[in-house]
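Any value given below was found using the heavy atoms of this structure, including those in side chains, with hydrogens, waters and symmetry copies removed. Both counts, for ligands and for their atoms, begin at 1 and track the order of listing.
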Amino acid sequence: AMAVRVLEEEPGFNAGVGSALTRDGTVEVDAAIMDGNGLRVGGIGAVPFLRRPIDLARQVLEDGQHCLLVGDGAWEFARERGHERARPEDMITERSRQKLAAHRAEQGNSGGTVGACAIDAAGHVASATSTGGMTGKRPGRVGDSPLPGCGTYADDRAGAASATGTGEAIMRVTMARVCTDEMRRGATAAQAAAASVRDLAERTGLDAGIICIDARGGIGVA
Ligand code: GLY
């Protein structure tokens, strides 16, 4: 969570400050964190103007009642945990405005979702992902990042993975689960990352990226 929190504060990435804008010019963030020790997961989806998405996802995980909160209920939970709605000027950057303008002119899209995978000395793995989603998205759209097995997955018996790219493609193939399944069958993290990127390309015709760590501590990036 700490690594992702730092990246959320960095305006050059599409997460937290600098998040991609919806077609209405607003910010709605998605995030998840998963603990491979016991398959505990916490996610939040389409939460407007939330500055520290990964902290709220972690609070959902630690609360333990639900795996994913969205909409008004997510904000109610956030307020109970001390979060305050950010001012638009604290999260919208000149770059995110320009990207929305380019999207409206059909010149471009998004990217820059942030993620981290980790393993501790006891061999427990975890992954975390945070994003503003796709530039020009419809308000209310939830991407792959907060969905277990899609943009984020961690299982001590396999490894941990965090994906980036077009959520609609990543969700269809459940990319993070494809990656961790490969590791569970014995692939190294590097092999599993490459296999999951190849699988997504073959099945959807699109590109995506992934980072992962296997249960032996090997890392994969593709
Ligand atoms: N992968 C980020 C998103 O589609 O929301």
Report all side-chain donor-acceptor pairs from residues 34-55 shorter than 3.5 Å, counting only partners two or more places apart or in another chain.
residue : atom : partner : partner atom : Å
D35     : OD1  : N37     : N            : 2.9
D35     : OD2  : R40     : NH2          : 3.3
R51     : NE   : E9      : OE2          : 3.1
R51     : NH2  : E9      : OE1          : 2.9
R52     : NH1  : E9      : OE2          : 3.1
D55     : OD1  : R5      : NE           : 2.7
D55     : OD1  : R5      : NH2          : 3.2
D55     : OD2  : R5      : NE           : 3.4

Under a 3.5 Å threshold, I'd like every N/O contact between ligand 1 and protein atoms, with atom names and distance.
residue  : atom  : partner : partner atom : Å
ligand 1 : 1 (N) : D144    : OD1          : 2.6
ligand 1 : 1 (N) : G165    : O            : 2.6
ligand 1 : 4 (O) : R141    : NH2          : 2.8
ligand 1 : 4 (O) : D144    : OD1          : 3.3
ligand 1 : 4 (O) : G165    : O            : 3.3
ligand 1 : 4 (O) : G167    : N            : 2.8
ligand 1 : 5 (O) : R141    : NH1          : 2.7

Side chain of S127, backbone of T152: donor and acceptor closer than 3.5 Å?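 Checking the backbone N and O of T152 against the side chain of S127, no donor-acceptor pair under 3.5 Å is found.
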
Salt bridge (Lys or Arg N to Asp or Glu O under 4.0 Å) partners of residues 66-83, not counting sequence neighbours, each pair once: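 Qualifying pairs, neighbours excluded: D63-R81.
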
Please determine whether a side-chain nitrogen of the Lys or Arg among E168 and K137 lies less than 4.0 Å from a carboxylate oxygen of the Asp or Glu.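 Salt bridge: no.
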
Can you list, pair by pair, the side-chain donor-acceptor contacts under 3.5 Å of residues 210-222, counting residues two or more places apart and other chains?
residue : atom : partner : partner atom : Å
D214    : OD1  : R216    : N            : 2.9
D214    : OD1  : G217    : N            : 3.1
D214    : OD1  : G218    : N            : 2.8
D214    : OD2  : A189    : N            : 2.9

Do S145 and T129 pair up side chain to side chain, a donor and an acceptor below 3.5 Å, judged on atom types alone?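 Short answer, no.
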
